[in-house]
Chemist: 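Here it is, the structure, as structure tokens.
We count ligands from 1, going down the list as the structure has it; atoms in each ligand are counted the same way.
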Amino acid sequence: MSTPLLRFESVVKRFGGLTAVNDISFVVGQGEIVGLIGPNGSGKSTLANLATGASVPDAGAIYLGEQRLTGMAPWRIARLGVARTFQMLRLFPSMTVAQNIALAMQPGLQSGYPASILRTAAARRDDERMRAEAIEMLRLFELERFIDQPATALSIGQQRLVELARGLCTRPKVFVLDEPAAGLSPPMVDRLIEVIQRMRTDYGVTVLLVEHVMRVVQTVCDRVVVLDYGEKIADARPSEAVNDPRVIEAYLGVGKATHA
Ligand SMILES: Nc1ncnc2c1ncn2[C@@H]1O[C@H](COP(=O)(O)OP(=O)(O)OP(=O)(O)O)[C@@H](O)[C@H]1O
Ligand SMILES: [Mg+2]
């Protein structure tokens with residue numbers, strides 16, 4: 001396997017009496033696309049939250065290379081190169097697509113907040129750079145024509161793709177995607193599959209993909225980590241995982257894995 005990039009080490013997260021994530025260890029190698037699957041409530045989003053600093057584990061730790069992320073503020077983790085999308089849309093509806101993307105990119109810029117207010121030459125250069133970057137990433141999803149539209153002018157599926165474009169604009173090392181295919185039409189799922197693959201080939205991004213749509217998982221993932229009630233029950237190639245009796249049992253009767 002490639003060099004470990006994102007590493008979960010004996011991670012535990014409890015909510016009151018519920019152990020949502022129980023002693024989970026796994027590694028996402030540099031350049032890998034790893035799926036994180038499991039029935040509803042199995043702990044996938046909780047792990048995504050822990051990786052990006054949105055919540056703090058009760059035990060264990062998460063590392064980016066040698067750097068311990070656990071205990072760091074989310075913005076610091078983001079600045080180290082861990083981006084994410086959320087299961088629920090997080091765009092500002094009345095802002096344009098460009099403004100939504102600019103918000104995510106602002107922390108990395110040279111001129112910073114006060115310079116933007118003073119409209120210095122540096123701030124204008126930043127604006128131009130951001131716009132060029134936003135157009136490049138929106139083009140991946142054929143959404144560049146919406147750049148100056150309010151987010152609400154787009155379908156829910158398109159808004160989800162804008163969130164992916166926004167994350168890519170921050171040039172992450174690791175991109176944690178929480179159910180990016182939810183609400184997408186089958187042709188949009190095709191586009192998503194292609195873009196996730198290009199994240200690696202064209203942008204060198206390592207991906208941790210939480211996803212129920214098995215067509216996406218089986219097409220793009222090198223490996224899948226399978227959770228059930230907060231426990232890791234498999235870590236295998238997608239073709240092996242779907243034939244694993246423990247995995248089949250976890251999904252039986254749950255019926256959430258879809259083949260859209
Ligand atoms: N903030 C919270 N407070 C209390 N319980 C929580 C909280 N967040 C998650 N849980 C519980 O932890 C468990 C794991 O939730 P999580 O959202 O990680 O599941 P998931 O695998 O992402 O599910 P889904 O496929 O439905 O998105 C669930 O039982 C959930 O109800
Ligand atoms: Mg979830």
Chemist: Strictly under 2.8 Å of the Mg ion (ligand 2): which protein N/O/S atoms qualify?
Modeler: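 For the Mg ion (ligand 2), the protein N, O and S atoms that sit under 2.8 Å away are Ser45 OG, Gln87 OE1.
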Chemist: Out of curiosity, is Gly38 lining ligand 1, as in a heavy atom under 4.0 Å away?
Modeler: no
Chemist: With the side chain counted from C-beta on, respond yes when Leu69 and Tyr63 share a heavy-atom pair under 4.5 Å apart, and no when they do not.
Modeler: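 SC-SC contact between Leu69 and Tyr63 ruled out.
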Chemist: Which pair of heavy atoms, one from Ile193 and one from Arg215, lies closest together, and at what distance?
Modeler: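 For Ile193 versus Arg215, the nearest heavy atoms are CD1-NH1, 3.8 Å.
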Chemist: Testing the basics here: between Ala181 and Glu211, what is the closest heavy-atom pair and its distance to 0.1 Å?
Modeler: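 Here Ala181 and Glu211 meet closest at N-OE1, 2.9 Å.
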Chemist: Of all the atoms in ligand 1, which lie at a distance below 4.0 Å from a heavy atom belonging to Glu179?
Modeler: 25 (O), 27 (O)
Chemist: Answer side chain, backbone, both or neither: which part of Leu18 comes under 4.0 Å from ligand 1, heavy atoms only.
Modeler: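 Answer for Leu18: side chain.
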Chemist: Counting N and O atoms only, with roles assigned by atom type, does the side chain of Asn49 sit under 3.5 Å from a partner on the main chain of Ser55, one being a donor and the other an acceptor?
Modeler: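 Here the side-chain-to-backbone pair does not exist.
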Chemist: For Ile233 versus Val247, what's the shortest heavy-atom pair and its separation?
Modeler: CD1-CA, 3.9 Å
Chemist: When you compare ligand 1 with Ala20, is there at least one nitrogen or oxygen pair between them that comes in under 3.5 angstrom?
Modeler: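 Ala20 vs ligand 1: no N/O contact under 3.5 Å.
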Chemist: My understanding is that we take every heavy atom of each candidate and find the minimum distance to atom 22 (O) of ligand 1. Doing that for Ala182, Ser45, Ala48, which one comes out nearest?
Modeler: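 Closest candidate by heavy-atom distance is Ser45.
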Chemist: Flag this pair as yes if the NZ/CZ of Arg84 is under 6.0 angstrom from the six-membered ring centre of Phe86 and inside a 45 degree cone about the axis; otherwise no.
Modeler: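 Yes, Arg84 sits over the ring of Phe86.
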Chemist: Going by the order shown, which atoms of ligand 1 are within less than 4.0 Å of some heavy atom of Thr46?
Modeler: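 Those qualifying, in numeric order: 9 (C), 14 (C), 15 (O), 16 (P), 18 (O).
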Chemist: Can you list every pair that meets salt bridge (Lys or Arg N to Asp or Glu O under 4.0 Å) and has a residue in residues 228-238, with sequence neighbours left out?
Modeler: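 Residue pairs with at least one partner in residues 228-238: Arg223-Asp235, Lys232-Asp235, Arg237-Glu240.
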Chemist: Counting only heavy atoms not in Glu194, do more than 12 fall under 6.0 Å of its CD?
Modeler: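 Yes, enclosed.
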Chemist: Under a heavy-atom criterion of less than 4.0 Å, does Lys13 contact ligand 1?
Modeler: no
Chemist: Between atom CD of Glu136 and atom CD of Glu144, what is the distance when rounded to the nearest 0.5 Å?
Modeler: 11.5 Å
